[in-house]
*Asks:* 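Got a structure for you, questions after.
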Protein chains: 2
Amino acid sequence: MNNQLQSNKKMVREFYHLSLNLRKPEEAVAKYLGPYYRQHNPGAGDGPEAFIGFVKGFTAAFPGLSFDFKRIIAEGDLVAVHSHLVRQPGDRGVAVMDIFRVEKGKIVEHWDVLQEIPESAANTNTMF
Amino acid sequence: MNNQLQSNKKMVREFYHLSLNLRKPEEAVAKYLGPYYRQHNPGAGDGPEAFIGFVKGFTAAFPGLSFDFKRIIAEGDLVAVHSHLVRQPGDRGVAVMDIFRVEKGKIVEHWDVLQEIPESAANTNTMF
C-alpha cells in the first residue's frame with residue numbers, strides 16, 4: 001500500500017464529492033486545487049474560476065444531480081476515476097471516466113470522457 | 001517500479017494494438033484473454049468471440065482506423081488507458097478511456113467510455 005497513492009485517491013474523491021454532490025466548488029478548489037488547473041474537458045476553460053463556474057452552471061441546471069464513484073486507480077502522479085453521473089432521479093445517466101494529475105499534493109490537470117448510458121445493451125453487466 | 005503493474009500495462013497495450021491497429025483480434029484473444037471476458041461496453045456481448053466479431057465489424061466499417069495510446073495507469077488488478085480513436089484519416093476522432101481487469105496474468109473484464117471530440121473547445125489543451 002503506497003501512502004502517496006492513497007492520499008491522491010482520497011483527495012480526488014473529496015474534490016469531486018465536495019464540488020458535485022455537496023455543491024461546494026469554491027471550498028473544493030480552495031482545499032485541493034494547485035496554483036493552476038489545466039482543463040481538457042472541451043466544455044470548460046482553464047483555471048479554478050472556470051471550474052467553479054462550470055460546476056455552478058451544471059448543478060443549477062440539474063438540481064437533483066448526483067455523482068457516484070465506482071472505481072479509482074492511481075499510479076505515479078495520475079488518478080483515474082470511473083463514475084456514474086445522474087442528472088436527475090430516474091435518469092439512466094452518464095458513464096464518466098476522469099483522469100487527474102497531482103503536483104506537490106494538489107490537483108493541477110484534468111481529462112475526462114463522458115458517454116450517455118444507452119437504453120439497451122448487448123450484455124447484462126451494466127456500464128459499471 | 002512494480003513489475004506486475006508494468007507487465008499488466010504492456011499486456012493491455014499489446015492486446016488493443018494487435019486487435020485494433022494490426023487487425024488481428026483472434027491472435028490478441030489467444031495471447032491475452034483469460035477463460036472468460038466480462039464486457040461492459042453496451043455495444044458488445046460477453047466472451048472472446050463477441051470481442052472478435054465486434055473488432056472485425058468495426059475495422060471493416062472503418063478500414064483507415066487507428067488507435068493511439070496517450071496515457072496508461074495501473075494499480076492492483078486494474079489498468080486504465082486513455083486513447084485517441086481515429087476512424088478515418090482527417091476525422092477529429094473519439095476520446096476513449098478503457099479500464100481492464102487482469103486475473104492470473106490475463107485480461108478478464110473491460111469497461112469503457114467514448115466521446116466524440118467536438119469541433120471547438122473552451123480551452124486550447126485538446127482532449128489529451
Side-chain angles (χ1 to χ4, degrees), chain A residues 1-2 4-6 8-9 36-47 50-51 53-54 57 70-85 92 94-102 109-128, chain B residues 1-2 4-6 8-9 36-47 50-51 53-54 57 70-85 92 94-102 109-128:
Chain A
M1 187 80 75
N2 179 314
Q4 188 60 59
L5 297 183
Q6 298 314 310
N8 288 353
K9 290 198 286 187
Y36 65 96
Y37 188 55
R38 187 170 159 90
Q39 177 65 263
H40 296 266
N41 177 313
D46 284 326
F51 174 80
F54 184 81
K70 297 298 187 179
R71 51 191 59 78
I72 185 160
I73 305 166
E75 186 185 31
D77 59 355
L78 299 176
V79 179
V81 192
H82 189 195
S83 313
H84 186 194
L85 168 67
R92 275 193 303 281
V94 181
V96 186
M97 291 192 194
D98 293 279
I99 296 175
F100 296 89
R101 188 168 64 81
V102 177
E109 190 163 7
H110 169 252
W111 301 261
D112 61 8
V113 181
L114 293 93
Q115 181 181 347
E116 293 286 338
I117 297 173
E119 190 171 354
S120 61
N123 60 66
T124 58
N125 305 318
T126 84
M127 286 188 75
F128 305 104
Chain B
M1 190 77 77
N2 179 315
Q4 190 58 60
L5 296 184
Q6 297 314 309
N8 288 354
K9 291 199 285 188
Y36 65 96
Y37 187 54
R38 185 169 160 90
Q39 178 63 265
H40 296 265
N41 177 312
D46 284 326
F51 174 80
F54 183 82
K70 298 297 186 179
R71 51 191 59 79
I72 186 160
I73 305 166
E75 187 185 30
D77 59 355
L78 299 176
V79 180
V81 192
H82 188 195
S83 312
H84 186 193
L85 167 67
R92 276 193 303 278
V94 181
V96 186
M97 291 191 195
D98 293 278
I99 297 175
F100 297 89
R101 187 168 63 81
V102 176
E109 190 163 9
H110 170 252
W111 301 261
D112 62 8
V113 182
L114 293 92
Q115 182 181 346
E116 294 286 339
I117 297 173
E119 191 171 352
S120 61
N123 59 66
T124 58
N125 304 319
T126 84
M127 285 188 76
F128 305 105

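Since the structure is predicted, the reported quantities are computational estimates derived from the model, not experimental observations. Heavy atoms only: backbone and side chains are in, while hydrogens, waters and symmetry mates are out.
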*Asks:* Please answer whether the main-chain N or O of A:Gln39 pairs with a side-chain N or O of B:Asn125 as donor and acceptor at a distance below 3.5 Å.
*Replies:*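 Such a contact is found between B:Asn125 side chain and A:Gln39 backbone.
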*Asks:* Counting only heavy atoms closer than 4.5 Å, note whether A:Ala44 contacts chain B via side chain, backbone, both or neither.
*Replies:*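 Only the backbone of A:Ala44 comes within 4.5 Å of chain B.
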*Asks:* Is chain B contacted by the side chain of A:Asp98, its backbone, both, or neither, given a heavy-atom distance below 4.5 Å?
*Replies:*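 The answer is the backbone of A:Asp98.
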*Asks:* Is there a side chain to side chain contact (heavy atoms under 4.5 Å, CB included) between B:Trp111 and A:Lys70 once you walk through the steps?
*Replies:* CA-CA 11 Å; B:Trp111 301 261; A:Lys70 297 298 187 179; over 6 Å; no
*Asks:* Which of the residues B:Ala74, B:Pro118, B:Gly76 is involved in the greatest number of heavy-atom pairs with chain A at under 4.5 angstrom?
*Replies:*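 Answer, by heavy-atom pair count under 4.5 Å with chain A: B:Ala74.
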*Asks:* Might you point out which heavy atoms bring A:Pro42 and B:Ser120 nearest each other, and give the distance in Å?
*Replies:*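 Of all heavy-atom pairs spanning A:Pro42 and B:Ser120, the closest is CB-O, 4.4 Å.
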*Asks:* To the nearest 0.5 Å, what is the distance between CD on B:Glu116 and CG on A:Leu114?
*Replies:*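 It is 13.5 Å, given to the nearest 0.5 Å.
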*Asks:* What part of A:Val94 is in contact with chain B, defined as an atom under 4.5 angstrom from a non-hydrogen atom: side chain, backbone, both or neither?
*Replies:*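 It is neither, since no heavy atom gets under 4.5 Å.
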*Asks:* What are the two closest heavy atoms between B:Ala80 and A:Ile73, and how far apart are they?
*Replies:*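 What the structure gives for the nearest pair is CB-CD1, 3.9 Å.
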*Asks:* Is the backbone N or O of A:Asn41 less than 3.5 Å from a side-chain atom of B:Asn123, with the two atoms forming a donor-acceptor pair by type?
*Replies:*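 Flag set: sc B:Asn123 to bb A:Asn41 pair under 3.5 Å.
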*Asks:* Yes or no on side chain to side chain contact (heavy atoms under 4.5 Å, CB included) for A:Glu75 and B:Asn2, after CA distance, side-chain angles and deciding distance?
*Replies:* CA-CA 10 Å; A:Glu75 186 185 31; B:Asn2 179 315; over 6 Å; no
*Asks:* Measuring from A:Leu78:CG to B:Ile72:CD1, what's the distance to the nearest 0.5 Å?
*Replies:*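 So the CG of A:Leu78 and the CD1 of B:Ile72 are separated by 11.5 Å.
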*Asks:* Ignoring hydrogens, what is the shortest heavy-atom contact between A:Asp112 and B:Met127? Give both atom names and the distance.
*Replies:*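 That would be O-CE, 3.6 Å.
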